[in-house]
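Read the structure below first, then the notes.
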Amino acid sequence: MIVYIITILLVFIFATMASYIKITNNLEINGYYSRNNRFFVLLTSLPLILVGGFRWRVGTDYWQYSINYEYYVNNFWNSLFTFEEPGLKFIAWISSIIYDDYTTMFFIASVITITLFVLTLSKYSKMFVFSILLFIFVGVWHGSFNGVKQYLACAIVFAGHRYIINKNLIKYMIVVITASMFHFSVVLMGLLYFVPRTRLNLKHIFILGLATLAIVSSYGFIFELVENFRKSSLATTPYALREVSIYRVLVAFAPLAIYFIFTKRFKLSSEELFYINLLFINAFVVLATSQSAYLARLALYTNAFTIIALPKLLNMNDKYLKFLLQMIIIILYGIFWYIDVTKSSSLVNYQWIFDKDFNF
């Protein structure tokens, strides 16, 4: 755990310096803030990239990706023409040219994933330090150690989601198609374009509830679709049938409590309402998929937007209350992160790739 703790401290220091050491073009441009110091933004991402990229045997799916490395390299061109998720295969192919080892593939994937998240937060979050800490504590950072392909896809959609705000459907769909080269499930994020930018009323919440019930009652049909796509059995595997912890569901709904109790809803712009509505969607997606750990992985796409949506909730005039809520949120999410990491044997015992024997 010491590696993670040191990383968090470094990230906090660099992100704070990025926020408070101003740059000359400290202006609001096209709806986003360009006030963060780019040099320190780069330093903020560096520890996250190094720990993520230089890990060895860290992450539930680490060995499966390492076993598949040669297959990825040898099947890149074929998968490109058949569009069978060629994204990671392309990274593996590039890795084989640079240094032919799966550790290179992991490092490049980490660079792309973390850079896209950090730069997007630097550009569009009004609370960069707060969002960066949420990036870690919500589980996005260490989640990328496990579902490498899905988080690559997630990072691409996250980086390109502003096309939704700017109402550019064609460019956003290009972003989704590009992301689907890494994991096909991300095509569902095309639906984000139609998320309303108005305050949700009881009718909308009722529809979300009905959709949740419909998904829960359709698990068999969904599993059948996935099996036909994957051409392998799924419904009987323990992972597919394992329920998600109730605490994870409660964490997903926690931001909604802040919204109803503390947020000045009359002050929210249409852009801010878009992000807050994503919090509602994320909560119901987590609930709808909570009966299957396999399907619950879909929630990582909506969960990632928590790190940019949560700051939108803290729009109260009382700066002391805002600071207090920030501290409470970080502490509670930090506890959630600590429990999530320590209960996973593939994460808690961090190892560097320097512990691996290389054949030079």
Side-chain angles (χ1 to χ4, degrees), residues 3-4 7 11 42 44-77 79-80 83-121 132 135-136 138-161 175-187 189 297-298 300-301 303-304 307 341 344 346-347 350-356 358:
V3 172
Y4 298 131
T7 301
V11 166
L42 174 63
T44 299
S45 64
L46 194 58
L48 297 169
I49 291 173
L50 293 179
V51 173
F54 286 147
R55 72 188 189 278
W56 182 47
R57 301 196 302 185
V58 178
T60 306
D61 299 333
Y62 186 93
W63 280 121
Q64 190 59 54
Y65 282 113
S66 62
I67 291 170
N68 291 343
Y69 172 73
E70 289 188 13
Y71 171 80
Y72 293 155
V73 173
N74 296 330
N75 287 272
F76 163 60
W77 291 107
S79 67
L80 183 63
F83 206 78
E84 295 179 3
E85 298 180 346
L88 189 61
K89 298 180 182 70
F90 173 68
I91 292 176
W93 181 72
I94 292 295
S95 301
S96 69
I97 298 173
I98 299 173
Y99 179 75
D100 194 9
D101 191 275
Y102 59 80
T103 53
T104 314
M105 176 184 71
F106 283 121
F107 183 78
I108 295 175
S110 179
V111 170
I112 295 171
T113 302
I114 294 169
T115 299
L116 288 176
F117 272 110
V118 173
L119 290 183
T120 303
L121 290 175
I132 282 293
F135 172 68
I136 298 172
V138 166
V140 178
W141 180 49
H142 73 261
S144 68
F145 298 176
N146 299 325
V148 176
K149 293 195 297 181
Q150 272 190 285
Y151 273 97
L152 278 163
C154 181
I156 293 170
V157 169
F158 187 78
H161 81 275
V175 168
V176 173
I177 292 170
T178 303
S180 70
M181 296 175 68
F182 290 91
H183 207 282
F184 189 73
S185 64
V186 79
V187 297
M189 293 301 100
R297 297 186 77 160
L298 289 174
L300 70 85
Y301 297 123
N303 187 54
I307 64 182
V341 171
S344 173
S346 66
L347 290 173
Y350 184 87
Q351 297 182 83
W352 296 97
I353 60 169
F354 312 111
D355 297 324
K356 176 181 180 291
F358 289 92

Would you call [X] and [Y] a side-chain contact if the rule is heavy atoms closer than 4.5 Å?
{"X": "F135", "Y": "V11", "result": "no"}
{"X": "V148", "Y": "D61", "result": "no"}
{"X": "I108", "Y": "I98", "result": "yes"}
{"X": "V58", "Y": "V51", "result": "no"}
{"X": "F158", "Y": "L121", "result": "yes"}
{"X": "I112", "Y": "Y151", "result": "no"}
{"X": "Y72", "Y": "S95", "result": "no"}
{"X": "V111", "Y": "F107", "result": "yes"}

Heavy atoms only: give me the nearest [X]-[Y] pair and the separation to one decimal.
{"X": "I136", "Y": "H142", "value": "O-ND1, 4.2 Å"}
{"X": "W141", "Y": "T7", "value": "CH2-CG2, 3.8 Å"}
{"X": "I177", "Y": "F83", "value": "O-CZ, 3.8 Å"}
{"X": "M181", "Y": "L80", "value": "CE-CD1, 4.4 Å"}
{"X": "R297", "Y": "Q150", "value": "NE-OE1, 3.2 Å"}
{"X": "S110", "Y": "G53", "value": "OG-N, 3.3 Å"}

*Does the pair Y71 and K89 meet the rule for a side-chain contact (heavy atoms from CB on, under 4.5 Å), with working shown?*
CA-CA 8 Å; Y71 171 80; K89 298 180 182 70; 3.9 Å; yes
Can you name the side-chain hydrogen bond (donor to acceptor under 3.5 Å, both in side chains) partners of [X], sequence neighbours left out?
{"X": "N74", "value": "none"}
{"X": "Y350", "value": "none"}
{"X": "S344", "value": "S346"}
{"X": "S185", "value": "H183, Y301"}

Just how far is it from atom [atom1] of [X] to atom [atom2] of [Y], taken to the nearest 0.5 Å?
{"X": "T44", "Y": "I132", "atom1": "OG1", "atom2": "CD1", "answer": "6.0 Å"}
{"X": "N146", "Y": "L347", "atom1": "CG", "atom2": "CG", "answer": "5.0 Å"}
{"X": "L119", "Y": "S45", "atom1": "CG", "atom2": "OG", "answer": "6.5 Å"}
{"X": "I156", "Y": "M189", "atom1": "CD1", "atom2": "CE", "answer": "14.0 Å"}
{"X": "S66", "Y": "D101", "atom1": "OG", "atom2": "CG", "answer": "9.5 Å"}
{"X": "N303", "Y": "I307", "atom1": "CG", "atom2": "CD1", "answer": "9.0 Å"}

*Kindly assign one of parallel, tilted or perpendicular to the pair Y65 and F106, based on the angle between their ring planes and the thresholds 30° and 60°.*
perpendicular
*Please state whether the rings of W93 and F76 are parallel, tilted or perpendicular, taking 30° and 60° as the class boundaries.*
parallel
*Please name all residues satisfying side-chain contact (heavy atoms from CB on, under 4.5 Å) with A155, sequence neighbours left out, ordered by chain then number.*
T113, L116, F117
*Ring centre gap for F145 and Y62 strictly below 6.0 Å*: no
_Within 6.0 angstrom of F54 CZ, more than 12 heavy atoms from elsewhere_ = yes
*Taking atom CD of Q351 as the centre, report whether more than 12 heavy atoms of other residues, nucleotides or ligands fall under 6.0 Å from it.*
yes
*Would you mind listing every salt bridge (charged side-chain N to carboxylate O under 4.0 Å, His left out) that reaches into residues 145-160, with sequence neighbours excluded?*
E85-K149
